[in-house]
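Quantities reported herein were computed from a predicted structural model and do not represent experimental measurements.
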Amino acid sequence: MKRVVVALVRKHKITRVCRIWFKAWKIIPFKYKKRLQIVYLGQFLTNFLDIIGLALTALVVASSLAELQGRAYPEQANRIFNLLNITNSTFIIKISALGLVTLLFFAIKTISSARFATTSLRLLATCELLISQSILKSIHRLGQTFLGKKKSHDLLYSTTTGVNFVFVKMIQGASQATIDSILIVLILVGFILTNWQVGLFSIFFYFAMWKIVDKIQGGKAILQGKKSRRSTTVSNQKIMESFSLHKEIELLGKTKIWLDDIHKERLQAKEVSVQIQLAPIYTKYAVEFGVIIGTFSLAALEVFVSDATTAVSALVTFAVGAARIVPSALRVQSSLFDAQVAIGASQTVFEVLDEINQLDKGTSIELQDKHVSGIPASKHSSTNIIEFSEVTFKYPNEKRTVLSNLSIEINKGEFVAIVGPSGVGKTTLINLIMGFLTPTQGNVSVMGMSPDLLRRSNPGIVAYVPQSPTMIDGTIAENILLQRNTDYDIERMRETCLNLGIQDWINGLKLGYETNIGEAGLKISGGQRQRIAIARAIYAKPDILILDEPTSALDHESEEIIKRAVLHSKAMFTRIVVAHRASTIEGADLILQLSDGGCQQNRL
């Protein structure tokens, strides 16, 4: 029996909301927790203003009935009249003053609640921004180790919509539901103390309304949250894929298929959105209708067991209480519903955070290297700028060993070519050099430091040009700098672009370096994008330049320019090139031929 009860409690929606609320609360920065605690305490204390207001309302009603029946005013009313120095005033003045005091308490409560709610939302919005930024920072820090495990649309959702669900829907929703629930309990206790019949009737009535509303909502909020998360991420992914594949889709005549597929996902998202938005609307109508039924029921009951005067007093008390309880009850239901939706919608966020925490535990990095403590990487004196010592690498959950027992030495200023068929580990090798992957066994040293530590402590020493470079929606200068709205060394940029053979093209543009190249660089050619990417790397003045098929998008003339400017340059930076073209590796000092996990080294 005990196990059954425990299982039911664990599965109950309020228990699940509390569990996720505590999980979400843990990730809030400490100073914001303190501020939120103060705000929520303030919201809790304002509930007592409501209680005082309701008590004063009861005194207004009781005093009015006493005047009509020629009886003495309630003792509490006389104390207030004495405090206000209106004991000998007329009934109109007394009741008006008491009414104004009542309105004052309700006004203070309303204004304070609005102020506290605004403050809490602003604090949670700030937390949302900070946590989103923290997740982005962690993703970039963990790099390929993490990106290879998660889908990009899940990561996008986790740093945008998902985080909003955690803070605005979950924390704010559950906290607001708790505060409003306390208010409802206090009001019902007040009813019991002032008029036990109205109090018992109200408890029974609002409990029945709660069960009816819960039945209407059907307990599907968590499922709807999961559906909302899935439909949003999948539809966004397909929309972005359709943009990237525009030419292929058009040429193959599959535009309608793609658009229909996207439309289907959007329809599902729309249906879930409608269901989520309708839930509080149905609740509102059900409660409003229920209050009308409750009012008539209470009136009939009081007339039957008492008299008309008592019925009027009970009705006024119930109506005023309902005016405060109903909005709170609606907020409780709405907040709980939002919190349950957030459980399903924010699942991806917590999964991402959990994986980040697990990876952080296994990859703690100190910005102090035992081999070259206190020596800047660019001053490292060893002739071997890159060293692989018996390095073996295997991707997680894969049986195949990509690189096996690899030992390589690359000297300063060398031109190194990495060749081999697809899938033998060329990209893995350069990712190990850049520190985006960690060897399964063995050690990789770059300029006397671990590659990951070098990258963090000496940014710009290693530069990389991918086979398919990414352009930002900005100017030529911004794409070379990879930074918007910043000053730059114009002479250094001109020298870089002149060596790469694109200065004449830039000079021919009306705005020169300030020319916008469009989203993903679609306003310029593939060869121009490739050379801008190379300019981006060289402008940083790296000690090591890594290029993945740097001439794949270039014609013969442009290829020769790049080879002279970069690959065959007398500059002292080390060049490492992944290549398939035989012409690209001409003049290499060292050729690394990868095959079946091994590496044949040919030093020329």
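The side-chain contact (heavy atoms from CB on, under 4.5 Å) check on Thr515 picks up Ile476, Leu509, Leu511, with sequence neighbours excluded. For Thr470, the side-chain contact (heavy atoms from CB on, under 4.5 Å) test picks out no residue, with sequence neighbours left out. Applying the ring-ring contact (aromatic ring centres under 6.0 Å, His included) rule to Tyr395 yields the partners Phe393; only residues at least two apart in sequence or on another chain are considered. Judged as a side-chain contact (heavy atoms from CB on, under 4.5 Å), and not counting sequence neighbours, the contacts of Asp489 are Glu491, Arg492, Tyr539. Here Ser407 pairs with Glu390 under the side-chain contact (heavy atoms from CB on, under 4.5 Å) rule; sequence neighbours left out. For Trp505, the ring-ring contact (aromatic ring centres under 6.0 Å, His included) criterion is met by no residue, not counting sequence neighbours.
Looking only at side-chain heavy atoms (C-beta outward), Val444 and Glu387 stay at 4.5 Å or farther from each other. No side-chain heavy atom of Arg400 sits less than 4.5 Å from a side-chain heavy atom of Lys394. At least one side-chain heavy atom of Thr574 sits less than 4.5 Å from a side-chain heavy atom of Ile410.
With values rounded to the nearest 0.5 angstrom, Ile546 atom CD1 is found 6.0 Å from Ile430 atom CD1. To the nearest 0.5 angstrom, Leu437 atom CG is 10.5 Å from Leu429 atom CG.
Arg575 contributes no side-chain N or O that, together with a main-chain N or O of Val416, makes up a donor-acceptor pair within less than 3.5 Å.
By the 4.0 Å N-to-carboxylate-O rule, Asp452 lies close enough to Arg455 to be salt-bridged with it. At a threshold of 4.0 Å, the pair Glu409-Arg603 does not count as salt-bridged, since none of the basic side-chain nitrogens sits closer than that to a carboxylate oxygen.
In the displayed structure, Gln601 atom CD is contacted under 6.0 Å by more than 12 heavy atoms of other residues, nucleotides or ligands.
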